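In what follows, a single structure is set out as structure tokens and then discussed.
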Amino acid sequence: MLLIASLLFARYSWEIPLAVTAERSLYDLRAVATAPRVAQDPRIVLVTYTDETLAATAKRSPLDRAILAKALTALDGMGAKSIGIDILIDQAQPEDQQLIDAFRAMKTPTYLAFASHNTNNANMRDWQEQFLSNFQRSIAGGAVHPASVFFLPDLDGTMRSWPEQPRSLPPLLSNAMTGAPESLRNYNRAIAYRLAQDASRPVFTKLPIDLLANPDVAMALKDQIAGRYVLIGGDIIDTDQFATPMTWYIDKATDSNGVPLEDRPRNGQTIGLEVHAHMLAQLLDGRWKQAMPDTAIWACALLVVLAGALTALSGLPVWGVALFVLAQGALFASLPVGAEMIGLDTQTLPQFGWGVGWVIAFLAAGSAARALSGEQRRFAQSALGKYLPRDIAAEILRNPDSLSLTGEKRPIYVVFTDLEGFTKLSHAIEPEMVATLLNRYLDMLSDVVLGQGGTIDKFVGDAVVAFWGAPIAREDDGARAVAAALAMHEAGERFRAEAPEGVPAIGKTRVGIHYGEAIVGNFGGEGRIQYTALGDAMNTAARLESANKQTKTNVLASGELVARAGVPIFRPLGRVVLRGRATPISIWEPVPNLLAEKRTAFAHKVDAAVRGDATARADLERDSINHPDDAPLRNLVYRLEHEAEGGYFVLD
């Protein structure tokens, strides 16, 4: 169970609370370690509202739209490839007409942010979406089109993956700006972030929007705009900020003199506009991360668990184990980094889960190995052939843990037999003949038990006690026990028929069979150990065997056995209180030669009769008259007529 637990943890730790936090942190470390260091990207430029812009315009939210209109007018004549605007126009402002005029005059492909209440109800109200939709309709038909700016960080607030792109939204801003194929809407794996090659030159050029809104300055910036993708949005201290895997690294970036860089993300966070820029660059580069194959993740988890278990069982000296562990640690630490380097998305690769799974497997295997003593091995070898079937004995030799040297509660199928009148017979013949007959009889019944895969508990005189379900349980133990019970009665009949000449008549073999819980294991003193089962299940089987005499049956089973065994050959014989018991149970007789439909009809009739149905009882009485050789049915009718209050009969 511990090995299974270790395997599951090593596979699914990305889905386990607390563990997923560690997994995300390890992913962020390898994402930073493998991120390419690049020069400033000449294809993308960011045009930003800054805190200084807000101070100059005396407007914070919504952002001043007049300055945006002037900047767009200037940009339209500078030869940009396309313009993406990460600003939601979601409520009215006095300068809206100026902005509408600027949008309508645009010749450069321009994409304006859109969001919906359905996909972002935390930040977008219905009335805001309505205003935004109306605004975009007012500028439709020209070069300006809507684009989605929907982001979906992980639960820890970190943007690691491309967001979902619902079909209810227009294409994502980066996709729209590049005319990406529709199939890329389905990409939701890792964002391929990049780091600056030179800490003094960030990955993307940033220009304050104030400069582009100033006609006297704007044209001087034309060379920095021409042929580039332009992203317009906010770089404001408390707005639109996201953590990324690079956050902890970039937040600590300094120049060559150790002075913190001014343009690093504030509070360790990256502006949403820059996240769009990284996705745009990834799209332009075609750096698509491939998903980790599920089979590979399972194989790695299995390898880790096997490595932990085999390390514990290796028998190496301490220094050998230490070297083995170090080698495994290096391998399992480098695998995810290597996978990330070759372009796999390792967000689902459970590196922390590997470590925990390895430790659990190591401890479990080591503990199991130490628990198995030489005494257990010697006992198993000497005892197996005496009361266990061959296949169980072979399994225990392969796996000695299967034979516990202590007691444990197990559900088992118990068979109890008795040879009618054997005590009286033993007084009528010579002791030597008694021994011969008894040994032959017990051999016949033992062969039946072992042939059906049962465990012989004990011989009590001529009685045989056997059970199924321990030390090893099989799915068909119930069917085996029922088959054995029938075969043991038949073996007893053959034994009677083959009795030597001069031996008085031998009685029939009666069998009781029951399913219930018992304490199974090795019991006894230090010098004498017996593998046996103890508990009420054993007593009930013995009482059922004894009840055959009064119910006129040969084999009698409990309702628990019938319900569990899955062998549809039984007919009900009412409810009785067994000798020495206080609680009634239902009893059943196996009738394998009776047609299934007749067994079913009989069962319905008995069920109705037990519930007090006079018609059903009369039908049973007629059946008993019509079948005078059916002694169990006749006895059932008698018991129904003389049952105690509560609907059961107390056996003598």
Side-chain angles (χ1 to χ4, degrees), residues 40-113 135 138-139 142-145 147 149 173 177 200-241 261-266 271-274 276-277 280:
Q40 196 166 75
D41 196 321
R43 302 166 300 178
I44 301 170
V45 63
L46 309 184
V47 174
T48 61
Y49 282 82
T50 64
D51 290 287
E52 289 73 18
T53 308
L54 305 188
T57 59
K59 294 187 70 173
R60 187 168 193 87
S61 180
L63 297 175
D64 184 81
R65 293 173 190 170
I67 199 170
L68 175 59
K70 294 174 183 177
L72 286 171
T73 300
L75 286 167
D76 196 35
M78 294 182 179
K81 283 190 175 180
S82 67
I83 300 171
I85 304 172
D86 185 18
I87 299 171
L88 289 172
I89 310 299
D90 59 358
Q91 51 190 290
Q93 290 292 291
E95 61 271 23
D96 281 353
Q97 189 57 50
Q98 184 180 353
L99 182 59
I100 289 172
D101 293 341
F103 276 136
R104 287 175 174 171
M106 295 292 292
K107 300 293 188 293
T108 305
T110 302
Y111 299 91
L112 178 61
F135 184 90
S138 71
I139 59 174
V144 183
H145 309 279
V149 291
L173 186 61
M177 291 177 68
S200 64
R201 289 175 60 81
V203 176
F204 303 108
T205 303
K206 286 184 185 177
L207 299 174
I209 196 170
D210 314 58
L211 298 180
L212 290 160
N214 186 340
D216 298 330
V217 179
M219 291 311 295
L221 301 173
K222 182 175 181 179
D223 290 343
Q224 298 188 54
I225 299 297
R228 298 191 183 192
Y229 294 94
V230 179
L231 288 168
I232 303 175
D235 186 4
I236 304 166
I237 195 167
D238 59 354
T239 302
D240 200 28
Q241 302 275 332
L261 296 173
E262 291 302 323
D263 60 351
R264 64 182 178 151
R266 298 177 177 87
I271 59 173
L273 194 67
E274 194 162 348
H276 280 296
L280 178 57

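FYI, side chains are in, hydrogens and waters are out, and symmetry mates aren't considered; it's all heavy atoms of this structure. Small disclaimer: the values here were computed from a predicted structure and weren't measured.
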Please step through side chain to side chain contact (heavy atoms under 4.5 Å, CB included) for the pair Thr108 and Leu75, ending with a clear verdict. CA-CA 8 Å; Thr108 305; Leu75 286 167; over 6 Å; no
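- Under the 3.5 Å distance criterion, the side-chain polar atoms of Tyr49 are matched with a main-chain donor or acceptor of Asp64.
- Not one N or O on the side chain of Asp101 forms a donor-acceptor pair closer than 3.5 Å with the backbone of Gln98.
- With rounding to the nearest 0.5 angstrom, the NE2 atom of His276 is 10.0 Å from the CE atom of Met177.
- Counting heavy atoms from C-beta on, the side chains of Leu112 and Ile139 come closer than 4.5 Å.
- At least one side-chain heavy atom of Phe135 sits under 4.5 Å from a side-chain heavy atom of Ile100.
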Where do Asp235 and Glu274 land on the side chain to side chain contact (heavy atoms under 4.5 Å, CB included) test, with the steps shown first? CA-CA 9 Å; Asp235 186 4; Glu274 194 162 348; over 6 Å; no
Can you list the steps and then say if Phe204 with Leu280 is a side chain to side chain contact (heavy atoms under 4.5 Å, CB included)? CA-CA 11 Å; Phe204 303 108; Leu280 178 57; over 6 Å; no
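- To the nearest 0.5 Å, the span separating OG1 on Thr57 from CG on Asp210 amounts to 8.0 Å.
- In this structure, Thr50 and Lys206 have side chains that are not in contact, with every pair of non-hydrogen atoms separated by 4.5 Å or more.
- Residue Val149 comes nearest to Ala113 through the heavy atom pair CG1-CB, 3.6 Å, listed as atom of the first residue, atom of the second, then distance.
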Going through the distances and angles, do Leu207 and Ile225 end up as a side chain to side chain contact (heavy atoms under 4.5 Å, CB included)? CA-CA 10 Å; Leu207 299 174; Ile225 299 297; 4.1 Å; yes
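- Side-chain contact between Leu72 and Ile83: present, with at least one pair of heavy atoms (C-beta onward) separated by less than 4.5 Å.
- A distance of 11.5 Å separates CZ in Arg201 from CG in Asp41, rounded to the nearest 0.5 Å.
- Around the NZ atom of Lys81, the shell of radius 6.0 Å holds no more than 12 heavy atoms that belong to other residues, nucleotides or ligands.
- In this structure the side chain of Gln224 reaches within 4.5 angstrom of the side chain of Thr205, judged on heavy atoms.
- Two residues are said to be in side-chain contact when any heavy atoms from C-beta on lie closer than 4.5 Å; Ile271 and Gln241 meet this criterion.
- Proximity of Ile232 to Ile87: side-chain heavy atoms (C-beta onward) are separated by under 4.5 Å at one or more points.
- Glu95 contributes a side-chain N or O that, together with a main-chain N or O of Arg65, makes up a donor-acceptor pair within less than 3.5 Å.
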